[in-house]
Amino acid sequence: MKPLFSIVVTGSSTNSARVIRSTSISSSTITTTTTTTAYVLRYYSPTHINSLLNAACETQDIRYATQIHAQIITNNYTSFAFLLNNLLNTYAKCGHLHRTLLTFSHTHNDAKNIITWTSLITQFSRRHKSFQALSLFNQMRTTGILPNHFTFSAILSACAHTSILAHGQQIHSLIHKHGFITDIFVASAIIDMYAKCSNVDSAKTAFDEMPHRNIVSWNAMVVGFSQNKAHEQAIGLFMEVIKDKWVIPDEVSFSSVLSSCADMGCLDLGRQVHTLVVKHGLLLRPYVKNSLVDMYSKSGCFGDAIGLFKTMAATDVVTWNVMAMGWAQNDCFEEACNYFWIMRGEGISPDEASFSTALYASASLAALDQGTAIHDQIVKTGFMGNTCVQSSLITMYAKCGSLFAAHRVFKEIEERNVVCWTAMITAYQQHGRGDQVIELFEEMLAQGIKPDHITFVSVLSACSHTGRVEQGFGYFNSMSFVHGMKPGPEHYACIVDMLGRAGQLNEAKRFIESMPVKPDPSVWGALLGACRNHGDLEMGKQVAETLFEVEPSNPGNYVLLANIYMRHGRLEEANEIRRLMGVNGVRKEPGCSWIEIKNTTYVFKVHDRSHSQTDHIYKMLSKLAELVKEKGYVAEYQYAVNDAEEFKEKSLWYHSEKLALAFGLLTLPMGAPIRIKKNLRTCGDCHTVMKYVSDIFQREIIVRDVNRFHRFVGGFCSCGDYW
DNA sequence: AGTATGTCAG
C-alpha cells in the first residue's frame with residue numbers, strides 16, 4: 001500500500017547499518033520503516049494533512065499526532081481552522097486532554113471558529129470535565145462567537161453532569177434568547193439536564209413543549225422518569241411509544257423501561273417487555289440483554305436470570321456485575337465473589353461496579369482475606385483513585401471489623417464526596433463510636449458537603465446511641481429547615497428509637513402521632529423495641545396489635561411482644577404469641593453464628609451437635625455457666641421465647657453465638673481475639689454472657705451481628721448495651 | 001470539520 005505520509009531522509013537510506021526509525025502513515029494503518037538522521041521538509045496540501053490526521057486519529061497514538069502537528073506548523077497551516085479542529089480532536093481522542101488544551105490556548109483566537117470551540121467543549125463534557133467545559137463556554141462568549149445548537153447540546157450535557165440546576169437554567173434561557181429551543185437535539189438535552197438535576201417537572205414541561213419529537217426525545221424523558229424513580233410515569237410513557245405508530249422503540253427505550261421494572265420488582269410487566277424485545281428483534285443488544293438479566297434478578301426470578309445468562313453468547317462487564325449482584329442479593333456471597341474471579345479469568349476488565357459488588361459480598365461474609373484480595377486487584381487495575389471504589393473499601397473494612405483500615409482508606413481520599421463521608425460515618429456508627437460519628441459529621445458540614453438521607457440515618461442513630469436527645473432533634477429538624485430534605489420513615493424510626501432509649505415512651509408515641517405522613521412499620525417497630533427494653537407491657541400490646549395488622553409476616557414483632565410477656569412472667573400469653581406465629585405462618589429465621597479459625601469457617605446453629613468437638617464444646621459451656629454465675633450472672637429467660645419452661649436455661653446456653661464462643665475459647669491461641677459473626681441480632685442473654693467472659697478470660701470478643709459490632713473488653717461492650 | 005438518550009454499583 002502506498003504510504004500517504006512519510007518522513008523521508010537524505011543520505012544513504014539503503015545502508016541498513018545507519019538506520020534508525022521513521023514512520024509512514026497509510027490511510028488505515030501506520031507502519032514503521034527505516035531511515036537515517038536528517039528530516040526534510042515536504043509539501044503537503046491542507047487536505048492531505050487532514051486525511052493524515054484522520055489516520056492518526058484511528059491509531060490513537062499521540063506520537064503520530066505530534067508529527068503531523070509539526071507538519072502543520074512547518075507548512076504554515078496554523079490559521080486553517082479545520083486543521084486545528086481536527087488536530088484538537090485527534091489529541092483528545094488519544095486521551096491527551098491537556099495537550100488539546102495547550103494547543104488550543106497557544107492558538108490565536110482569530111484562527112478559532114465556532115466548531116473549534118464547540119468540539120473542545122464537547123470533548124471536556126464527554127470526559128466529565130464539566131466545570132472546564134463551562135469555563136470554556138464562558139470564554140467563548142467573551143470572544144463574541146455565537147453558540148449554535150451543537151454548542152448548546154454539548155454544554156447542557158456538562159450541566160447535567162454537575163447536577164447544579166442553576167447552571168442549566170441559565171443555559172436554558174440563553175437557548176431561548178438565541179432561538180434554538182425548537183432544535184430537537186437541544187430540546188432533548190434540556191430534558192436530560194433537568195432530569196439529571198432531579199427536576200422532573202421542568203423536564204416534563206420541556207418535553208411537552210417540543211413541537212416535534214423523535215425516539216431520542218421520548219427516551220430522554222423515559223430515562224428521566226426512571227432515574228428519578230418515577231417508575232409508573234416512565235412505564236406510562238414507554239407504553240405511549242409502543243402505541244405511537246410514528247416512533248419505533250429502540251434498545252435505549254427497552255433498557256430504560258426494564259430498569260424501571262427491575263427497580264419496582266415488577267415481574268409481570270418485565271415479562272411483557274421481554275416479549276416485546278423479542279418482537280422488535282433487539283434481544284441480542286448488549287444493553288437490552290443486561291437489563292433483562294437484571295430485571296429477572298431483581299424481581300425474584302434469579303433462576304430465569306441465570307438461564308438467560310447461560311444462553312448468552314457474548315457477555316460484557318455489566319452482565320457479570322448484574323449476575324454477581326444477583327448472587328449477593330440471594331445471600332450467595334461466596335458465589336458473588338466467585339463471579340468476580342471467573343470474570344477476571346475470562347479476560348474481562350472489571351469496572352467500579354464490579355469492585356463495589358465484590359467488596360459488598362466480601363463485607364457480607366466478613367471475609368477480610370477476600371476483601372483484601374479485591375483491594376489488591378483495585379490497586380493493580382488503577383482504581384484506587386475512584387471514590388465509589390474507595391467508599392466500598394471503607395465499608396468492607398469496617399464490616400470486617402477493621403475500623404483502622406477503613407479510616408486509612410478514608411484519609412487517603414483526595415476529593416471526598418457524600419458517599420465517602422457517609423461510608424466512614426456509618427463505619428463509626430456500626431462500631432459504636434457515637435462521638436466520632438458526630439465529630440466527623442460536623443467536619444463534613446464544615447467542608448460544605450451536603451449530607452444525604454443515608455448520612456442522617458447514621459447520625460441520628462449515633463445520637464440515639466449516645467443519648468443525645470436534644471442534638472438528635474436538632475439534626476432531625478435541620479434536615480427540613482437547613483438542607484431542604486424530607487425525612488423518610490427511617491429517620492422517624494431513628495427519633496422514636498432515640499426517645500424510647502431515653503425512656504421517654506410517651507413522648508415517642510406522641511411523636512409518632514404527630515407525624516405528617518403515615519407511620520411506616522419500622523417506626524412502630526422502633527417503639528415496640530423500646531417497650532421491650534423498658535418492659536412496658538400495656539403500650540407494647542397496643543403497638544404490637546397495630547404491627548400485626550400492617551406487617552403480619554414479620555417474625556420480629558411477635559418475638560418482641562413475647563419477650564415482654566416473658567419478662568412479666570406471663571408465660572401463657574407468651575406461648576399464645578408463639579401459637580399466633582404458627583397460625584399466621586410466620587417463622588423466625590433460625591439463628592446461626594460462625595467463626596473463622598485458620599481459614600476455615602465453622603457454622604453453629606442453636607443446639608448444634610454436628611461439630612466433631614461437640615463434647616468439648618458443651619463441657620466448656622457448662623464451665624462458662626459456673627464461672628459467670630459466680631460473678632453474678634442471672635439468666636435472662638425473656639430471650640428463650642421458643643422453648644418449653646424446664647429447658648429454658650439450658651436452651652439459652654445453647655444459642656449459636658455461645659457455641660461459637662466456646663469453640664473459639666477452646667481452639668484459638670491464648671489472648672487472640674475471638675471474632676464471631678451472627679445472622680440475626682445478638683441475643684440479650686448472650687450479650688451479657690459475652691461481657692462476663694471477656695472479663696473473666698481477659699479476652700477481646702468481637703461479635704458482628706446483622707446490624708453492628710459488639711466489641712467486648714474487660715466486661716464492657718462497645719455498643720454501650722444498645723443494639 | 002463537531003451534537004443528544006441507555007444496562008450494573010455506592
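Each chain gets a letter, A, B and so on, in the order the sequences are listed, and its residues count up from 1.
- If you check B:dG10, B:dC8, B:dG6 against the side chain of A:S255, the one that comes closest is B:dG6.
- Nearest to the side chain of A:H149, among B:dT3, B:dA4, B:dG2, sits B:dT3.
- Using a 30° and 60° split on the angle between ring planes, A:H176 and A:H172 fall in the parallel class, below 30°.
- Atom-to-atom, CD1 of A:I121 to P of B:dA4 comes out at 14 Å; the value is rounded to the nearest Å.
- Atoms CE (A:M140) and C1' (B:dT3) sit 14 Å apart, rounded to a whole Å.
- Taking atom CD1 on A:I184 and atom P on B:dT5, their separation rounds to 14 Å, with Å as the unit.
- In this structure, A:N85 reaches the bases: a heavy-atom distance under 4.0 Å links it to at least one base atom across the strands shown.
- Residue-level contact check: A:N113 touches the bases, meaning some heavy atom is under 4.0 Å from a base atom.
- Among B:dT7, B:dG10, B:dT5, the nucleotide with an atom closest to any side-chain atom of A:C388 is B:dG10.
- The distance between atom CE of A:M396 and atom C1' of B:dA9, rounded to the nearest whole Å, is 16 Å.
- Ranking B:dT5, B:dC8, B:dT3 by closeness to the A:V322 side chain, first place goes to B:dC8.
- Ring-plane geometry between A:H491 and A:H453 is classed as tilted, the angle between the planes lying from 30 to 60 degrees on a 0 to 90 degree scale.
- Residue contacts shown for A:S291 are limited to sugar-phosphate atoms, with no base heavy atom under 4.0 Å away.
- Distance from the side chain of A:N321 is smallest for B:dC8 among the nucleotides B:dT3, B:dG6, B:dC8.
- Nucleic acid contact class of A:S259 (heavy atoms, under 4.0 Å, all strands): sugar-phosphate only.
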Report the C-alpha separation of A:W117 and A:F104 in whole Å, then their side-chain angles, then the decisive distance to 0.1 Å, and conclude whether the ring pair (Phe, Tyr, Trp, His ring centres under 6.0 Å) test is met. CA-CA 9 Å; A:W117 284 97; A:F104 181 83; 4.9 Å; yes
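- Minimum atom distance to the side chain of A:T118 is reached by B:dG2, of the listed B:dG6, B:dG2, B:dA4.
- B:dG2 atom P lies 17 Å from atom OH of A:Y91, rounded to whole Å.
- Nearest nucleotide to the A:S356 side chain, out of B:dG10, B:dG2, B:dG6: B:dG10.
- A:D183 comes within contact range of no nucleotide atom at all, as no heavy-atom separation falls under 4.0 Å.
- Residue-nucleotide stacking is present for A:Y287 and B:dG6, judged by a side-chain ring centre under 5.5 Å from the six-membered base ring centre and planes under 30° apart.
- With hydrogens and angles ignored, a donor-acceptor pair closer than 3.5 Å exists between the side chain of A:N214 and the base of B:dA4.
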Distance-only donor-acceptor hits, side chain of residues 177-184 of chain A, under 3.5 Å, sequence neighbours excluded:
residue	atom	partner	partner atom	Å
A:H178	ND1	A:L174	O	2.9
A:D183	OD2	A:F185	N	2.9
A:D183	OD2	A:V186	N	3.0

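- Contact check of residues 189-210 of chain A against DNA chain B (heavy atom, cut-off under 4.0 Å) returns A:D192, A:K196.
- The separation between A:Q227 atom CD and B:dA9 atom P is 13 Å, rounded to whole Å.
- Among the heavy atoms of the strands, none lies under 4.0 Å from A:T122.
- A:W327 has its ring centre no less than 6.0 Å from the ring centre of A:F340.
- Distance CZ (A:F124) to C1' (B:dT3): 18 Å, rounded to an integer number of Å.
- Judged by ring centres under 5.5 Å apart and planes tilted less than 30 degrees, A:F150 fails to stack against the six-membered base ring of B:dT3.
- Ring planes of A:W320 and A:Y339: tilted class, angle from 30 to 60°.
- Contact annotation: A:R126 reaches the phosphate of B:dT3 (side-chain N/O to OP1 or OP2, under 4.0 Å).
- Annotation: cation-pi pair A:R285/A:F254 absent, no NZ/CZ under 6.0 Å from the ring centroid and within 45° of its normal.
- Note on A:V216: a base of the nucleic acid sits closer than 4.0 angstrom, heavy atoms only.
- Among the atoms of the strands shown, none is found under 4.0 Å from any heavy atom of A:R213.
- A:Q390 comes within contact range of no nucleotide atom at all, as no heavy-atom separation falls under 4.0 Å.
- Of the candidate nucleotides B:dG10, B:dA9, B:dT3, B:dG10 has the atom lying nearest to any side-chain atom of A:S392.
- Remark: P of B:dG2 and NZ of A:K112 are 18 Å apart, rounded to the nearest angstrom.
- Aromatic ring orientation, A:F456 versus A:F441: perpendicular (interplanar angle above 60°, classes split at 30° and 60°).
- Taking the six-membered ring for Trp and the full ring otherwise, A:F302 and A:Y296 have centroids separated by 6.0 Å or more.
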